[in-house]
A.B. asks: 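Just dropping this structure here.
Lettering follows sequence order; numbering is per chain, from 1.
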2 protein chains.
Amino acid sequence: MEFTRRDLLRGSMALVIAGAISEASSAADDPLPSWNDGPSKRAILDFVRATTNQSSPGFVPVEQRIATFDQDGTLWVEHPMYTQVVYCLERVPAVVKAKPELSNVEPFKTVLSGDREAILKLSMDDLFKILAATLTGMSVDQFEAEVKQWLDNARDPRWKRPYTELSYVPMTEVLTFMRSKGFKTYIVTGGGQDFVRQYSEKTYGIPPEQVVGSAGGTTFGYDKNGKPFLTKDPKLLLNDNNAGKPESIHLMIGRQPYAAFGNSTGDRQMLEYTKAGDGERLTMLLLHDDASREYAYGPATGLPDSKVGTFTQELYDEAKSNGWTVISMKNDWKRIFA
Amino acid sequence: MEFTRRDLLRGSMALVIAGAISEASSAADDPLPSWNDGPSKRAILDFVRATTNQSSPGFVPVEQRIATFDQDGTLWVEHPMYTQVVYCLERVPAVVKAKPELSNVEPFKTVLSGDREAILKLSMDDLFKILAATLTGMSVDQFEAEVKQWLDNARDPRWKRPYTELSYVPMTEVLTFMRSKGFKTYIVTGGGQDFVRQYSEKTYGIPPEQVVGSAGGTTFGYDKNGKPFLTKDPKLLLNDNNAGKPESIHLMIGRQPYAAFGNSTGDRQMLEYTKAGDGERLTMLLLHDDASREYAYGPATGLPDSKVGTFTQELYDEAKSNGWTVISMKNDWKRIFA
């Protein structure tokens, strides 16, 4: 058979068209469109392929596919201050209104003064007094209503947007992608479980029962009509930082995760615990190295360790020697917010 | 038009056949074939219809469909002794072998003697010493291996069958039926969470992360090779009886159940908490009134209250006045075991 010039042209046109279609469809098929090609994106795609492809030696049965995600600094912005701490500070006026005797008592007096410098200097003890006054003592229902109302109205001062809009699009893509491959996605946060549960479903598609966090106890009782309700206690039951993360994962989930994502020393033990399992495991740390689009803190930024979301050089070295992947916000992410 | 006698015969044959088909298909469609028709079966069917039919005023969105089940005495046999207590007693020889100095120390000495009367008279303090020695102090992995091995080999003395075969078929039908209608089924047990998680998936189709139970803490650490692991602590973190049930439901699930099943005073607050929610709620207590097929204890049996699975007359009265359904094992269940 012989080809005429016209046939060849037709053929190359067909090839061009086929190529264009294939490129378009591979872009449409890309489950992580906000990620630049590179080792981070590849690590996620390779891990999911290896654990969900039935013919792969690393195949994981669907019921064992557990992935855990730190929240503050991993799924959404944590600087300059954890959102829940902002909530607690902004609740102080309402607390003092209900108990006017607190208005001249520290640390409430300082918070009411609005003096940011003085507020930032409050001790941990003072901070705990504020957390106890704003997160405990009320019924679970009342607390949930207060949090929801605040979330609807509060705005981040830098972006002038609701805090729930400051979740990272590349990470919500990872959540959606992993769920589409049969993974159960959990939040495992040092933040308050009851607080995060108020928006986790809407913001991340993660239902309340898949939020593991620091938690106080509750006490069951009856109101004056004999109707049962739960009151939030000031006693800390679970401190979900550092070693508390794997301990709470065991308590609340009862399975070792196959994938874990964090961004600070508080996530170290969760990643170690995840990586210690057999077979394929994915362990990733997000490095905030993008001062212009978000914030910069941690190794290689040239800036001192941050007290909020501490990412030490030591943690960076452990990541490198243990085969954890460090995600560079600056280089790995095409965009950050929706 | 006129019918001949033959036509009429044909017609009645067709009716008979149609009737037979419809009966067979309705038996095949019956999601609760081990239940006799009666108020208990009807309560379950009515509740599921009302909460899952989109046009019903009681419709519940799928993500809110939470059903909680006590385990001992509700999903499987609890008499004459909770299975986990049998496990602990049968573990004592291995514990003493590892620590021979315990062989002359009470209560271990009594347990080793095999004197059933003396063992049944052990105080709660003594029992706690046995639980602490057999349920804590080892790694989570070691404990899980010990429980699995025991479950494979232990036999109930009355039925000569593995304990996991003493689950109630009518209740596993309820679990399967409710799951098929979008309910997430949870075990909420006073028994040990880590113990129940070793068989819940195989026995009830309930994964470990949906088992809420009494729990000690764990401590994260590293073995001599630097590999992370969790050790089971003797400190009780969650006591999942009485008020502890709704408190743990809030901690572990974060949603109020729409349905709750129990069989003793330890389940009272869970049922109250469930019933306190808006809309349709299903609250059921299983009464053990069938000495010949299983055991009889509780009201209307003429026998004294049992210490194991206490079902008082007071609880019975509360059930009746609150609209909870009392399931009669004797009258409501066609069969008990598989």
A.B. asks: Strictly less than 4.5 Å between heavy atoms, which residues of residues 194-212 of chain A line up against chain B? Please order them by number.
C.D. replies: A:Asp194, A:Arg197, A:Glu201, A:Pro207, A:Pro208, A:Glu209, A:Gln210

A.B. asks: If I measure from the heavy atoms of chain A, does B:Tyr186 come under 4.5 Å with its side chain, its backbone, both, or neither?
C.D. replies: side chain

A.B. asks: What part of A:Leu230 lies closer than 4.5 angstrom to a heavy atom of chain B: side chain, backbone, both or neither?
C.D. replies: side chain

A.B. asks: So which part of B:Lys275 gets closer than 4.5 Å to some heavy atom of chain A, the side chain, the backbone, both or neither?
C.D. replies: neither

A.B. asks: Checking A:Gln269 against chain B: side chain, backbone, both or neither under 4.5 Å from a heavy atom?
C.D. replies: both

A.B. asks: Assess whether atom CG of A:Asp152 is packed by more than 12 heavy atoms of other residues, nucleotides or ligands within 6.0 Å.
C.D. replies: yes

A.B. asks: Does the side chain of B:Arg281 come under 3.5 Å of the side chain of B:Thr274 through a donor N or O and an acceptor N or O?
C.D. replies: no

A.B. asks: Have A:Asn263 and A:Glu78 got a donor and an acceptor in their side chains that come within less than 3.5 Å?
C.D. replies: yes

A.B. asks: So for A:Leu238, is it side chain, backbone, both, or neither that comes closer than 4.5 Å to the heavy atoms of chain B?
C.D. replies: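 Only the side chain of A:Leu238 comes within 4.5 Å of chain B.
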
A.B. asks: Pick from A:Asn242, A:Leu237, A:Thr218: which one has the most heavy-atom pairs with chain B under 4.5 Å?
C.D. replies: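 Result: the option with the highest number of such pairs is A:Thr218.
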
A.B. asks: Hey, is the main chain of A:Phe59 close enough, under 3.5 Å, to the side chain of A:Gln54 for a donor-acceptor pair?
C.D. replies: no

A.B. asks: Where is the tightest heavy-atom contact between B:Leu131 and B:Cys88, given as atom of each residue plus distance?
C.D. replies: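 Reported closest heavy-atom pair: CD2-SG, 3.4 Å.
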
A.B. asks: Does A:Gly190 offer a backbone N or O that forms a donor-acceptor pair with the side chain of A:Ser214 under 3.5 Å?
C.D. replies: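 Yes, because the side chain of A:Ser214 sits within donor-acceptor range (under 3.5 Å) of the backbone of A:Gly190.
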
A.B. asks: Return the minimal non-hydrogen interatomic distance between B:Leu236 and B:Asn239, and the atom names on each side.
C.D. replies: CD2-CB, 3.7 Å

A.B. asks: Can you name the one residue among B:Trp150, B:Tyr87, B:Tyr82, B:Trp76 that meets ring pair (Phe, Tyr, Trp, His ring centres under 6.0 Å) with B:Tyr163?
C.D. replies: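 Going through the options one by one, the only one that passes is B:Trp150.
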
A.B. asks: Does A:Arg268 use its side chain to pair, donor to acceptor, with the backbone of A:Leu315 at less than 3.5 Å?
C.D. replies: no

